[in-house]
Number of protein chains: 2
Amino acid sequence: MVTIKDVAAHAGVAFKTVSRVVNNDPTVKPANRDKVLASIEELGYRPNRAAQMTRRKKSGVIGFIADELLRVPYTFDLIRGAQDLAWKNNKELMVLNVNVDKYSVEGAINHLLGHRVEGIIYAAMYHREVTLPEQLTPVPTVLANCFDPSKRFASIVPDEKEAAREITAKMLNKGYRRIVFLNLNENIIAGQQRKAGAEQAFAEHKGKNCELHIESVIIGEEGNERSVTRQRAAELIENFKPDAILCGQDPMAVEVYFVAQSLGLKVGENIGIGSFDDWDIIPTLLQPSLTTMALPHYDMGQWAINYLLNERTDIVSQTAKFNLINRDSF
Amino acid sequence: MVTIKDVAAHAGVAFKTVSRVVNNDPTVKPANRDKVLASIEELGYRPNRAAQMTRRKKSGVIGFIADELLRVPYTFDLIRGAQDLAWKNNKELMVLNVNVDKYSVEGAINHLLGHRVEGIIYAAMYHREVTLPEQLTPVPTVLANCFDPSKRFASIVPDEKEAAREITAKMLNKGYRRIVFLNLNENIIAGQQRKAGAEQAFAEHKGKNCELHIESVIIGEEGNERSVTRQRAAELIENFKPDAILCGQDPMAVEVYFVAQSLGLKVGENIGIGSFDDWDIIPTLLQPSLTTMALPHYDMGQWAINYLLNERTDIVSQTAKFNLINRDSF
DNA sequence: CTGAAAGCGCTTACAG
DNA sequence: CTGAAAGCGCTTACAG
């Protein structure tokens with residue numbers, strides 16, 4: 001490849017002058033700058049990043065460990081949010097996709113340490129707690145969509161409770177009175193906190209004749225979950241007679257749409273349906289399109305990058321607000 | 001950060017000996033190796049990759065340009081396939097997500113050139129032709145899920161025709177006789193080639209009383225497509241009276257399941273349904289679960305990496321076979 | 001405004 | 001088996 005000295009020879013200047021042009025040093029005489037720029041163009045010169053890094057002693061790289069992230073489509077927005085802001089600040093994002101069997105977290109960290117990353121974002125597939133190895137100590141680290149129970153790292157997670165409160169309140173305000181919340185597994189944080197949020201909305205509403213039924217329809221221990229959504233949705237429609245159903249995630253809503261149709265109910269007319277996630281194309285694939293609380297993955301990715309760029313060291317536990325995407329299902 | 005000299009001082013050897021240990025040079029005396037290893041461990045030393053790269057004059061990095069890839073969930077398997085093999089060969093994959101408005105292809109290439117990548121994989125979101133800028137010339141490049149009409153680069157794309165032939169033949173062999181193929185837009189390659197594949201299956205089958213109706217239900221020009229799946233599915237079930245429907249992509253199958261249910265048809269009993277893609281969780285979310293031709297993205301990612309690792313320069317046009325995922329819908 | 005020297009943290013090539 | 005020297009392609013720090 002062509003080096004800085006090749007360019008210098010071609011342009012008839014010292015290689016230090018080429019370096020100045022490349023780094024936008026304003027003290028270069030315009031005539032020389034033009035000569036150098038022309039030579040760079042003609043030779044197709046690009047500064048060797050590895051050489052720049054070794055001399056500068058700064059890598060300009062931020063590491064992103066994606067823990068099983070990429071099995072769920074919308075989680076990619078975490079990376080997108082981080083990447084967009086990183087580039088704006090002339091930083092690179094080095095993304096490592098980690099999964100238990102293939103590439104251990106320790107391996108990923110060692111890898112990033114070898115690149116002298118200036119910070120690490122660790123992001124999880126779903127909102128949960130994580131315990132990271134001690135190795136991380138030398139590098140500023142921030143957690144996204146997960147948190148450290150021992151408070152060694154700052155973190156940002158979705159505000160599950162407020163999301164459930166908001167969409168439940170919206171249902172109540174629209175006049176729905178008998179709401180079934182088909183919740184996620186209550187073993188996970190989202191399931192626990194959303195339950196509290198839905199209950200809070202009912203407590204605040206104080207409407208008469210309002211009733212809320214909450215039930216987990218993703219059951220079983222981690223790694224062995226199964227959905228009883230269809231069965232329970234059908235039974236609850238029969239027995240509880242809800243006028244609205246709130247689903248723990250958009251795929252669940254697909255199942256509920258099928259159940260509703262099979263029972264002769266029209267979504268958005270005889271029964272309102274709401275959900276969480278804004279999962280890929282599912283919400284607009286459904287008819288009527290699904291009103292859902294979109295997970296704030298993009299925002300969390302941006303917040304995490306900003307935390308590192310601003311060289312913060314405070315151990316905050318930040319929450320990010322979901323975005324209500326209004327469509328036609330309630 | 002701790003350097004090779006810090007380790008040398010700590011272990012009481014020359015820094016060149018540390019270098020030998022790090023690079024698994026067998027000529028180091030075991031006693032010294034152990035001392036060095038202990039010091040590395042104690043000081044938490046990791047070789048500086050940037051310094052290694054500048055001196056070695058090889059980056060060990062392969063670039064991956066993902067053209068709008070990450071808006072469709074299964075396309076991530078392209079990256080996964082490439083990454084798994086790259087790591088096995090001690091190469092790193094530098095993934096750049098490109099989209100028209102944010103980060104131009106030229107920008108991505110310049111970026112990768114700055115890192116002195118040893119090769120570039122360019123992958124597109126859907127099977128199509130691409131024209132890449134001249135800049136790429138200095139670096140070995142291979143295309144995945146897209147191809148270069150001017151034959152400057154080798155490429156691998158899904159074998160659309162064979163996939164359609166295979167699944168259609170399977171339907172015929174199972175005894176289905178009146179098949180509707182709700183095709184993708186015929187403006188795109190997949191739409192064209194799959195049509196030919198389905199027709200070939202019928203031509204080869206030679207069964208009596210067999211009839212095939214093919215129709216695009218994603219219509220309109222690029223960037224302005226819309227689906228008329230539900231409407232046409234309902235009309236065709238009424239008029240053509242198919243015993244099986246083949247869908248151009250799994251999301252379309254979701255719509256057809258709704259139509260079938262609304263018309264009192266039971267999928268897998270009164271009507272068979274097949275599809276293409278194996279799109280995220282959709283096939284197993286449906287009941288009965290959806291038999292579909294899975295796109296060979298993982299395989300294509302691996303093939304592309306292998307092409308680069310083997311330092312091939314032949315301009316081949318490779319195709320990759322879809323995988324038939326047998327479930328319960330026909 | 002420009003250049004020659006020194007140095008970043010490593011590996012290569014050579015000497016012992 | 002080990003080490004001192006030279007060098008990778010740059011930037012830093014200094015001199016003019």
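Sequence lines set the chain letters: A, B, ... in the order given, protein chains first and strands last, and positions in each chain run from 1.
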- prompt: Whole Å only: how far is the CD1 atom of Ile4(A) from the P atom of dG7(D)?
  reply: 18 Å
message: Below the 4.0 Å mark, does dT11(C) have OP1 or OP2 next to a side-chain nitrogen or oxygen of Asn23(B)?
response: yes
- prompt: Do Lys16(A) and Asp25(A) meet the salt-bridge criterion of a basic N to acidic O distance under 4.0 Å?
  reply: no
query: Quick one: is dT11(C) close enough that its OP1 or OP2 comes under 4.0 Å of any side-chain N or O from Lys57(B)?
result: no
message: Quick check: any donor-acceptor pair below 3.5 Å linking the side-chain of Arg20(B) to the base of dG3(D)?
response: yes
query: For the side chain of Thr54(A) and the base of dG9(D), is some donor closer than 3.5 Å to an acceptor across the two?
result: yes
- prompt: What nucleic acid atoms does Val22(B) come within less than 4.0 Å of, heavy atoms only: base, sugar-phosphate, or nothing?
  reply: nothing
Salt-bridge criterion met for Lys58(A) and Glu118(A) (N-O under 4.0 Å): no
message: How many whole angstroms separate atom NZ of Lys35(B) from atom P of dC1(D)?
response: 15 Å
task: Starting from P on dA4(D), measure out to CZ on Phe15(B) and report it in whole angstrom.
output: 8 Å
No-hydrogen, no-angle side-chain donor-acceptor test under 3.5 Å, Lys29(A) and Thr17(A): no
query: Toward the 5' end of DNA chain D, which comes first, Arg46(A) or Arg55(B), by nearest nucleotide?
result: Arg55(B)
message: By the definition side-chain contact (heavy atoms from CB on, under 4.5 Å), identify the one residue from Val18(B), Ile40(B), Val21(B), Asn48(B) that meets it with Ile4(B).
response: Val18(B)
query: Can you tell me how far P of dT11(C) sits from CG of Asp25(B), to the nearest Å?
result: 11 Å
- request: Just name whichever nucleotide pairs with dA4(D), Watson-Crick or G-U, keeping both distances under 3.5 Å, else none.
  value: none
- request: Using a heavy-atom cut-off of under 4.0 Å over every strand shown, decide if Thr27(A) touches base, sugar-phosphate, or nothing.
  value: base
5′-ward residue of the pair Ala51(A)/Pro30(B) relative to DNA chain D: Pro30(B)
field: Integer-rounded Å distance: dT12(C) P and Arg56(B) CZ
entry: 6 Å
query: Once you round it to whole Å, what is the distance between C1' of dC8(D) and CZ of Arg116(B)?
result: 12 Å
statement: Taken to the nearest whole Å, CD/Gln52(B) to P/dG7(D) is 21 Å
task: Grab the NZ-C1' distance between Lys16(B) and dA5(D) for me, whole Å please.
output: 12 Å
query: Any donor-acceptor pair under 3.5 Å joining the side chain of Arg49(B) to the base of dG9(C)?
result: no
task: Describe the nucleic acid contact of Arg33(A) in one word from base, sugar-phosphate, nothing, applying a heavy-atom distance below 4.0 Å.
output: nothing
task: Name the closest nucleotide to the Ala14(A) side chain, picking from dC10(D), dG3(C), dA6(D).
output: dG3(C)
Heavy-atom pair of closest approach, residues Arg80(A) and Asn97(B): NH1-ND2, 3.4 Å
